[in-house]
Amino acid sequence: MKIQFISGQLSTEFFQESISPKELSNHLGEFVTLHGSIYKIRKMSGFAFVLLRTPRQIISCIYGEFSEFNLKSISEESCVKITAIVHPEPRAKQGFELRLKTLQILSSPVEQCPIVIHNKELPISLETCLDYRPISLRNEKNRAIFQLQAGICSGIRHFLDNHEFTEIHTPKLGASGAEGGATLFTLPYFGKEACLAQSPQFYKQILTGVYERVYEIAPVFRAEKHDTSRHLNEYTSVDVELGYLKDFAQLMQLETAMLSSIFSFLSENYKAELELLSIHLPKINQIPVIRFSQAKSYLNFLSSEKEDLSPEEERLLCEKVYQETGSEFIFVTHYPTKKRPFYAMENPENREETLSFDLLFRGMEITTGGQRIHSYEEQLAKIRRLGMDEAVLKSYLMIHRYGIAPHGGFGLGLERFLTCLAQLPNVRYGCLFPRDIHRLTP
Ligand code: AMO
């Protein structure tokens, strides 16, 4: 038998013989081959602008007497391969224009798109935008949002990998939740009941006993019935956990450094997207901190909710802090024990409050974190006091039983962070395919 092999070496023809759009300026005066989708055709007298959508750039091409195909043969959203000359043109934004020579159609739409994709702003409602997500994402601004999301994740990985964190992948199906019963999705599982992970909380704590510093960027599920501009039923959680913790202030320091590093990473590698979306990156060498009880009195106890900040209080607090300090972030610390999960460490000087924090950014909570209980006796006593089922927590409690260093961490909601960064009016705009109480498709 003749055995064939697949080569792992990528030849220059691998990507359809195309050059990377990034390299076009190195080929002034030369012929190049490129592929992409026709984003927009603008007919002028005697020539036409043909905008080609490539992965990160919309490239302006000119159809004219030098072109060897009929403009009528193409339509918007046709997928094409072109050859063109890179003609220097100081009036063009990129310093050159592509003069189209040949064009090969790889695929054509069967009908015109029901929404106009190439407008600067899509003149459609959020619901229509989401109903047509597979194509509305092709809009230049819409897709830039998620290019930035990818950039944020690269920035996080870059920072944490450089600080000796190990990336982990924990199960999303389990027997019990980590954050309390009310927001648990359950499903049948071979004659038993399973649930979807609300967070990787137990696993990230367990794994600090193995790797000391861990992180995960993965989906989590919350069966919250809230129909608000800040709640999703599935979101991406950036979870960080750190062993041998000195105190919980260290966690806020770590997050401040991480955010600052993400912003540097974005400004270096995502200039075009930041500009397109008019995003101004906050400067954060330091972030102000306020205790929960102080925040409440600072806000004149605006809401009747005693153990948490209401969304309105979060918005107002951010506004006031910005006016006073110029910071768009604020850490709120020492949340009441009653409102924090059973694993949160209590303040030894005041058991009514926890060694925990939230981070607010431009009016919204984007992170919760804190120190965890590491003593077996203390954790067991708290579980019993809260009337929780010890048996369900048996494997989690192994870490306390068999020794775990003082540790803590935080969870950052990726969509909320992106939404606040890009100043989007609803968290659904910051999620590729949002899941909310009304939506399971697309
Ligand atoms: P918490 O439940 O506060 O903490 O969640 C952490 C962060 O996740 C985001 N978030 C959400 N984003 C969109 N839709 C939702 N329904 C939603 N719920 C939460 C928020 C929030 O700040 N295990 C802890 C974290 C820890 O202590 O390490 C936890 O999950 O940005």
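When a ligand or atom number is given, it counts from 1 through the structure's own listing order.
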What pairs with Phe49 under ring pair (Phe, Tyr, Trp, His ring centres under 6.0 Å), at least two apart in sequence or on another chain?
-> Phe47

Only distances under 3.5 Å count here; give the side-chain donor-acceptor pairs of residues 141-155 to other protein atoms, sequence neighbours excluded, each with its distance to 0.1 Å.
unit_1	atom_1	unit_2	atom_2	d
Lys141	NZ	Glu121	OE2	2.5
Asn142	ND2	Ser136	O	3.0
Arg143	NH1	Thr54	O	2.9
Arg143	NH1	Pro55	O	3.1
Arg143	NH2	Thr54	O	2.9
Ser154	OG	Ala150	O	3.2

Give the protein residues with at least one non-hydrogen atom closer than 4.0 Å to an atom of ligand 1, ordered by chain and number.
-> Glu179, Ser199, Gln201, Lys204, Arg222, Glu224, Arg230, His231, Leu232, Tyr235, Tyr343, Glu365, Ile366, Thr367, Thr368, Gly369, Arg372, Gly409, Phe410, Gly411, Gly413, Arg416

Flag this pair as yes if the NZ/CZ of Arg362 is under 6.0 angstrom from the six-membered ring centre of Tyr322 and inside a 45 degree cone about the axis; otherwise no.
-> no

Residue list, ring pair (Phe, Tyr, Trp, His ring centres under 6.0 Å) with His374, at least two apart or on another chain = none

Kindly confirm or rule out a cation-pi arrangement of Arg340 over Tyr335, judged by NZ or CZ under 6.0 Å from the six-membered ring centre and within 45° of its axis?
-> yes

Salt bridge present between Arg385 and Glu346 (N-O < 4.0 angstrom) = yes

